[in-house]
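These numbers come from the heavy atoms of this one structure, side chains and all, not from hydrogens, waters or symmetry mates.
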Amino acid sequence: MPPHPPPLGFAMNGLARHTSEHDDEALARYGDDPDALVVLLAGEIPVLRRLPGGEGPAATALHARSALNGVAAGEKIYLGSIDGRHVLAFQGEAGLVEEWGSRPDLLVLDLRSIATQGLVAEREAGMLAEAKSLLSWHANHRFCARCGGPTRATRSGFRRDCEACGAQHFPRTDPVVIMLITHGERVLLGRQARFPTGNYSCLAGFVEPGETIEDAVRRETFEEAGVCVGEVSYMLSQPWPFPSSLMIGCRGEALNDDINFDREELEDCRWFDRTDLDLMLRDAHPDGVRTPPSVAIAYHLIRIFLS
């Protein structure tokens, strides 16, 4: 097992959220503050500012507000503050990816790659995840789910109000259980056809309405692998901004070890022992099987099991 645990992707957010300031005036108060900082996205793609070479992160998610006066932002959100400076999220047109990507002072890259490559400080990765999730929510909720009328952003970007029926809509987070299922000293892992070659991960699935986290773990494991689960306990969680989920990491104790996996859902599913898992974490397994990268919560669930 690698000696030092790498960071869990998006789990650290350096923002002071100032939730009490999510009123209709906060964005107006700080939107034109030249000392404010801006998290900038082109469509859904983050636009980073390159940092001078050397040790530490290669880029930062934060731009000076005064340097972006010429940027025609679509959606704007007041996120909070960091190190005493207010932080906004700006969304530029998706078509600007090519233009901004050609500038030597900018790095335009998808969020998953940014986190996997560790291009920004840990606390900025969580901030990027928040900005992307909120801006994606705005882009997909232009109209009211109740009456179909147009909606407008309020509370400085943390709500949308319907102009026709007065309904209020709030950003949503979708809970997903991801479970380390154990049977003695073995762990159940599966792979989908879309996974990179050799990758195996913990089983996962969305929590359904009216369902507890524990029952979601049991249901998803049985549906995907045919394995019954008894005791379930919480381990850790991770924001996952694709588009806006909360991964709830749990451990479940299997009551049987016979696997009958859903072949439409999974390409393969099997038990791995501690030796297998240690080699997989280090990408040194002779069969070429491996865990997801350290940005993913599954990596950390497996690592905790081995510790």
Side-chain angles (χ1 to χ4, degrees), residues 10 12-19 21-53 56-115 117 119-142 152-160 171 241 243-244:
F10 315 116
M12 183 181 293
N13 189 332
L15 282 170
R17 293 176 180 265
H18 298 295
T19 304
E21 291 195 74
H22 291 162
D23 55 33
D24 290 334
E25 304 302 324
L27 190 58
R29 281 197 298 272
Y30 308 121
D32 294 322
D33 179 359
D35 293 324
L37 298 170
V38 174
V39 177
L40 180 62
L41 281 79
E44 293 196 349
I45 307 298
V47 180
L48 307 180
R49 182 167 54 84
R50 293 184 187 269
L51 295 174
T60 175
L62 298 169
H63 303 257
R65 174 69 178 90
S66 57
L68 295 178
N69 287 331
V71 173
E75 206 67 60
K76 297 181 181 179
I77 301 170
Y78 173 66
L79 296 177
S81 66
I82 189 168
D83 299 332
R85 298 177 69 181
H86 296 289
V87 181
L88 314 166
F90 280 16
Q91 187 169 45
E93 293 293 331
L96 291 170
V97 167
E98 184 175 352
E99 175 185 338
W100 285 341
S102 65
R103 287 178 46 174
D105 60 323
L106 299 179
L107 178 60
V108 183
L109 191 64
D110 68 279
L111 183 54
R112 193 186 301 263
S113 296
I114 291 170
Q117 298 175 36
L119 296 179
V120 301
E122 287 183 60
R123 65 178 188 166
E124 291 187 17
M127 184 168 52
L128 271 172
E130 180 182 355
K132 180 183 179 298
S133 291
L134 285 168
L135 290 170
S136 296
W137 176 77
H138 280 286
N140 292 316
H141 290 79
R142 302 295 186 190
R152 62 182 180 87
T154 59
R155 291 187 61 82
S156 297
F158 279 78
R159 195 177 79 198
R160 295 191 72 87
S244 188

>> For Leu134 versus Pro171, what's the shortest heavy-atom pair and its separation?
In response: CD2-CG, 3.7 Å
> Any side-chain heavy atom of Glu130 within less than 4.5 Å of one from Arg17?
Replying inline: yes
> Got Leu37 and Met127 here, is their nearest side-chain heavy-atom distance under 4.5 Å?
Replying inline: no
> Just one of Leu107, Leu106, Asp105 clears the side-chain contact (heavy atoms from CB on, under 4.5 Å) bar with Leu48, so which one?
Replying inline: Leu107
> Relative to each other, are the rings of His86 and Tyr30 parallel, tilted or perpendicular (30° and 60° limits)?
Replying inline: parallel
> Nearest heavy-atom pair of Ala131 and Leu79: which atoms, and what distance?
Replying inline: CB-CD1, 4.2 Å
>> If you compare all heavy atoms of Ile82 against all heavy atoms of Gly14, which two are closest, and at what distance to 0.1 Å?
In response: CG1-O, 3.7 Å
>> Thr60: which residues meet the side-chain contact (heavy atoms from CB on, under 4.5 Å) condition with it, sequence neighbours left out?
In response: Arg49, Leu51, Leu62, Glu124
>> Main chain of Val47, side chain of His63: is a donor-acceptor contact present, judged purely on distance under 3.5 Å?
In response: yes
>> Does Leu15 form a side chain to side chain contact (heavy atoms under 4.5 Å, CB included) with Arg123? I'd like the steps, not just the answer.
In response: CA-CA 8 Å; Leu15 282 170; Arg123 65 178 188 166; over 6 Å; no
>> For Gly126 versus Asn13, what's the shortest heavy-atom pair and its separation?
In response: O-ND2, 3.4 Å
> If you look at every heavy atom in Arg160 and Thr154, which pair is closest and at what distance?
Replying inline: N-OG1, 4.2 Å
>> I'd like to know whether CD of Gln117 has more than 12 heavy-atom contacts from other residues, nucleotides or ligands below 6.0 angstrom.
In response: yes
>> So which atom in Trp100 and which in Gly92 form the shortest heavy-atom distance, rounded to 0.1 Å?
In response: CH2-CA, 4.4 Å
> What distance do Arg152 atom CZ and His138 atom NE2 have between them, rounded to the nearest 0.5 Å?
Replying inline: 12.5 Å
> Under 4.5 Å between any side-chain heavy atoms of Trp137 and Ser244, yes or no?
Replying inline: no
Validation: residues 38-45 side-chain donor-acceptor distances under 3.5 Å, sequence neighbours left out:
unit_1 : atom_1 : unit_2 : atom_2 : d
Glu44  : OE2    : Ser136 : OG     : 2.9

>> Closer than 3.5 angstrom, by distance alone: can the side chain of Ser133 be matched with the main-chain N or O of Pro243 as a donor-acceptor pair?
In response: yes
>> Given 3.5 Å as the limit, does a donor-acceptor pair link the side chain of Lys132 with the main chain of Pro241, or not?
In response: yes
